[in-house]
There are 2 protein chains.
Amino acid sequence: MAGVSTDPADLAVRRATRTALNPDVVLDAALTLFAQRGYHGTALSEIAEVLGVRTPSLYNHMGSKHDLLRTIVDRTTAGVLADFHRVLDPADTPTRQLREATRVYVHRHATHRREALVVNRDTGSLSEPAFGEMQARRREHEHALRAVIAAGVAAGEFRVESPALASFAIREMSVSVARWFSPEGALSAEAVAEQYSAFALRIVGAS
Amino acid sequence: MAGVSTDPADLAVRRATRTALNPDVVLDAALTLFAQRGYHGTALSEIAEVLGVRTPSLYNHMGSKHDLLRTIVDRTTAGVLADFHRVLDPADTPTRQLREATRVYVHRHATHRREALVVNRDTGSLSEPAFGEMQARRREHEHALRAVIAAGVAAGEFRVESPALASFAIREMSVSVARWFSPEGALSAEAVAEQYSAFALRIVGAS
DNA sequence: CGGTCAAACTAACGAGCGTTCATCAGCCCG
DNA sequence: CGGGCTGATGAACGCTCGTTAGTTTGACCG
């Protein structure tokens, strides 16, 4: 935009293509670009451009660039935990618990790919206390999954030498679905989630 | 360094702590910082600082910041392929091939964690033709692993519905070892590699 | 010792960034 | 219609960044 046209017809075109801004659309645009280019690889001016406004206008709808990241990470990690707790029925067998926990985890990574990509790549750019809070939620999920596997081993349902290793393997293969999954692909998110939870049960040697 | 001291004693201390620069030490410092902070999150001045020189001095030993990234990615992806081809014996059974392929892949990610972290995070910042070359190598590895799994299914050694999905799961859980592995941890790189290759065989339902 | 060269430095360039500020425009309400 | 408010703009701030260019320094060799 080296020379901004003041021709009334041009101004009308720009208004017509302009999105009505609000915090949600700003966050959504940020999410898309952060996922594509990374947090540091995305300039606020790029977010402004896709929204059809100038960079300073974003500040009417957001606090700071860091706030965008923090919000994305907080919501995503809280969502992961909420999924887990929603499907975890203490009365269930470890086998069923692991299957369900894996299924919702994979499903989230297939259906919220942008969030997953950002959370997996850019949490190192969070300032405290956001960084510490993110780590605590991540650790909570990790320990809970590991506990399911350990309970399965203790109950004789699973045969695996290291519940910790199995937990890492299962979590990480699930997270990485976000990297390759495409809604236009041959498999639905549900199908992938089912297959991956079957893989999880195989990893732990579920009988 | 707002005020650089010209006191001879201070100058002597700075020289004493200064690393003799060469392209390898620059690349090594870059690798460490890129792995920790990301490519865009690392300023050349930070690399210069850990090496005890001023930023422009780096240019005696490197072409550009992008060159550093390109070199890291090229070497790493070439190494992954070399590992694979080294252990892949066409006369082996698919089971043995998958075990070995997974083992060296995991081992590399446990023993070259910095490289893995950079390659998994920052290849999006590569310009062409480096980006295309990196993708070609990545695809080559992926297709080769998938072919091993498909051959195992065809030979009746593996029972898995989708060799492609299994390949993704195995590759991604292996790659992610770089995120959590610690040489000071309870398990050695070899032990983790063995466990993970056992997981891989379970995922494909190897008999 | 003097000359040469490599690599260190300082200074600077041009570009870009996130953010603030003052102003303007548009909309709504009394 | 006028006033107030919200949200847009352009201008600017202060800073950082990757890189270039000129100068200085130190080591080596004849």
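The figures here come from the full heavy-atom set of this structure, side chains too, leaving out hydrogens, waters and symmetry mates.
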Taking only N and O in the side chain of B:His40, is any of them less than 4.0 Å away from OP1 or OP2 of C:dC17? no

Parallel, tilted or perpendicular for B:Trp180 and A:Phe168, by the 30°/60° rule? parallel

Under a 4.0 Å threshold between the charged nitrogen and the carboxylate oxygen, would B:Glu46 count as salt-bridged to B:Arg37? yes

Expressed as a whole number of angstroms, how long is the span from A:Asn60:CG to C:dG26:P? 16 Å

Stepwise side-chain contact (heavy atoms from CB on, under 4.5 Å) test for B:Leu68 and B:Ile47: CA-CA 11 Å; B:Leu68 294 175; B:Ile47 296 170; 4.3 Å; yes

Would you please classify the geometry between the A:Tyr196 ring and the A:Phe199 ring as parallel, tilted or perpendicular, with 30° and 60° separating the classes? tilted

Which of D:dG10, C:dC9, D:dA8 is nearest the side chain of B:Arg54? It is C:dC9

So does A:His61 get a side-chain nitrogen or oxygen closer than 4.0 Å to the phosphate oxygens (OP1/OP2) of D:dT6? no

May I have the distance from A:Tyr59 (atom OH) to D:dA12 (atom P), rounded to whole angstrom? 19 Å

Nucleotide N/O of nucleotides 14-17 of chain D paired with protein N/O under 3.5 Å:
none

Where the side chain of B:Asn120 meets the backbone of B:Ala116, is there a donor-acceptor pair that is under 3.5 Å apart? yes

Please identify each residue that fulfils salt bridge (Lys or Arg N to Asp or Glu O under 4.0 Å) with B:Arg96, with sequence neighbours left out. B:Asp92

Please report the distance, rounded to the nearest Å, between CZ in A:Arg37 and C1' in C:dC17. 15 Å

Mind checking B:Thr55 for me? I need base, sugar-phosphate or nothing, with any heavy atom below 4.0 Å counting as a touch. base

What nucleotide, of D:dT19, D:dG10, C:dT19, holds the atom closest to the side chain of A:Met62? C:dT19

C:dC17 P sits how many Å from A:Leu58 CG, rounded? 13 Å

From D:dG7, D:dT9, C:dC9, nucleotide with atom closest to A:Val53 side chain: D:dT9

Without decimals, in angstroms, what is the distance between B:Glu49 CD and C:dC9 P? 12 Å

Between A:Ser57 and D:dG7, is there a contact of a side-chain N or O with OP1 or OP2 at under 4.0 Å? no

Less than 3.5 Å apart, any donor N or O on the side chain of B:Arg137 or B:Thr77 sitting next to an acceptor on the other? yes

